[in-house]
2 protein chains.
Amino acid sequence: MAQDTRERLLDQAEALFAERGFYGVSIAAIASELGLTKQALLHHFGSKEKLYGEVLKRISSRFMALREQLSDLEPVQGLKDYFLALLRKDHLGSHATTVLMRELLDNKRRADTAGTWYLRGFLENLIGQVKEVPLWRDAGDAAALAFVYQILGAINYYEISQPTLTGIFGPDFYRRLDTNYPDQLVQLIEAGLAAGPPSGN
Amino acid sequence: MAQDTRERLLDQAEALFAERGFYGVSIAAIASELGLTKQALLHHFGSKEKLYGEVLKRISSRFMALREQLSDLEPVQGLKDYFLALLRKDHLGSHATTVLMRELLDNKRRADTAGTWYLRGFLENLIGQVKEVPLWRDAGDAAALAFVYQILGAINYYEISQPTLTGIFGPDFYRRLDTNYPDQLVQLIEAGLAAGPPSGN
DNA sequence: TGTGTAACTTACCATATGGTAGGGTGTCAA
DNA sequence: TTGACACCCTACCATATGGTAAGTTACACA
């Protein structure tokens, strides 16, 4: 029961942090959404910063789980599945990528590494998987990461643009775009992998 | 002289909005950085929201200028130059992309379309340029936009990740990554364009 | 010389915020 | 029955914030 409240607070916090960002949400707003006062929240988490840390931790553990789930495949297919799972946000919840994006923007000034420690494992795993593709076997880590980052960007930037794109082009157009995006992402992954690492490296 | 102060306030606001986001910066902080009080800022801009709008407007006009500057080239080369210019942030200032990214995240709740109206022309121009590539001549607008967005994502997501990536992998590794990123981006653009639009569309 | 106006300033204010202090209630073990 | 503890509340506080009101200074112009 207590665990239940904690979990619900974390859910609410994750959703609101995603929507408004760390500075845009008050702890009172988070608690009030569940019919609680901010002191209930402070009782569970101690401070706003700590609550935010727990939200990041929870997201990170979901990424970990997704990572382990898809690692035993043929490398190219594995990468495609991996990135498609990210695009569909399988088991990540609908706000994970947004919160992470905001963290990328903010953690330059927040000196802590709360959001980065787990990204390391995540990225290294992807680098490894790219280098298992025959054509990429001799690529440098930097080249492999560059490719990974291009695809991650294609996924996440598209993700956060949904409201804006719908606003600009209308819901019908957006639906058409969204239906085909996964296929076009797969196509880009295949094309990029087939092109191989840059010759200079 | 008055114009000068206004411009300096806009510069400072753009930098701080990029670093901390709209809610993370106070107008007092912006003004104080120039040795002024927040009332000087309010005198020039009326309110914080209006100041923010002016910052977006200024960024948008720079995008417009860049767009006009590079439009008369052979389509593939034109696209490569275009995207490379975005990656290098030619004439955009170092904070434009970050501010825009934050705007994408925030304008879901801010109902206004301050940030979107100009993006339309920008994106439509890119769509047109993609469809001038022979292989893409019969592609739908949605397919062309999907491709454009993949590249924009590869550029902008990478851009905001610099501090995090440097923190994770160290400055040496990041430098290697950054040196090769433009070439790998060009390679991805070429590969993606050569693959053509998805067959289903 | 007077008048207006742009470009600021100091005072002030209502509101929101994160956080502390301390109290109340229920549950569970001794 | 009592004590401890988890859970949540009301009361309170110092600080920060966006914004208003009312000057002050300097300069342009008639």
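Values below: every heavy atom of this structure, side chains too, minus hydrogens, waters and symmetry copies. In what follows, chains are A, B, ... by sequence order, proteins preceding strands, each numbered from 1.
When rounded to the nearest whole Å, the span between CG of B:L16 and P of D:dT17 equals 12 Å. Residue B:L36 contributes atom CG, which lies 11 Å from atom P of C:dT10 at whole-angstrom precision. The CZ-P distance, from B:R6 to C:dC8, rounds to 12 Å in whole Å. Distance A:R8 CZ to D:dC8 P: 9 Å, rounded to the nearest Å. One interatomic measurement links the two molecules: CG of B:L51 to P of D:dT17, which rounds to 15 Å at whole-angstrom precision. D:dA16 atom P lies 15 Å from atom OH of A:Y23, rounded to whole Å.
In terms of phosphate contacts, B:H44 brings no side-chain nitrogen or oxygen within less than 4.0 Å of OP1 or OP2 of C:dA6. The shortest distance between the side-chain N/O atoms of A:T5 and the OP1/OP2 oxygens of D:dC8 is below 4.0 Å.
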N/O to N/O distances under 3.5 Å, protein versus nucleotides 19-22 of chain C:
from: C:dG19; atom 1: OP2; to: A:K48; atom 2: N; distance (Å): 3.0
from: C:dG19; atom 1: N7; to: A:K38; atom 2: NZ; distance (Å): 3.3
from: C:dG19; atom 1: O6; to: A:K38; atom 2: NZ; distance (Å): 2.7
from: C:dT20; atom 1: O4; to: A:Q39; atom 2: NE2; distance (Å): 2.9

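Taking only side-chain atoms of B:S26, from C-beta outward, the nucleotide of C:dT9, D:dG18, C:dC8 with the closest atom is D:dG18.
Residues A:R67 and A:F122 approach most closely at CD-CA, 4.0 Å, considering heavy atoms.
Between B:N125 and B:F63, the closest side-chain pair of non-hydrogen atoms is not below 4.5 Å. Put simply, the side chain of A:L165 reaches to within 4.5 Å of the side chain of B:L145, judged on heavy atoms.
Atom CD of residue A:Q150 and atom CD of residue B:Q187 lie 8.5 Å apart, to the nearest 0.5 angstrom.
Within the 4.0 angstrom heavy-atom criterion, only backbone atoms of the sugar-phosphate kind lie near A:A40; the bases stay farther away.
Taking the six-membered ring where the residue is Trp, B:Y52 and B:F17 present perpendicular rings, their angle passing 60° and hence far from 30°.
Ionic pairing of B:D178 and B:R175 is not present here: no N-O contact between side-chain nitrogen and carboxylate oxygen is shorter than 4.0 angstrom.
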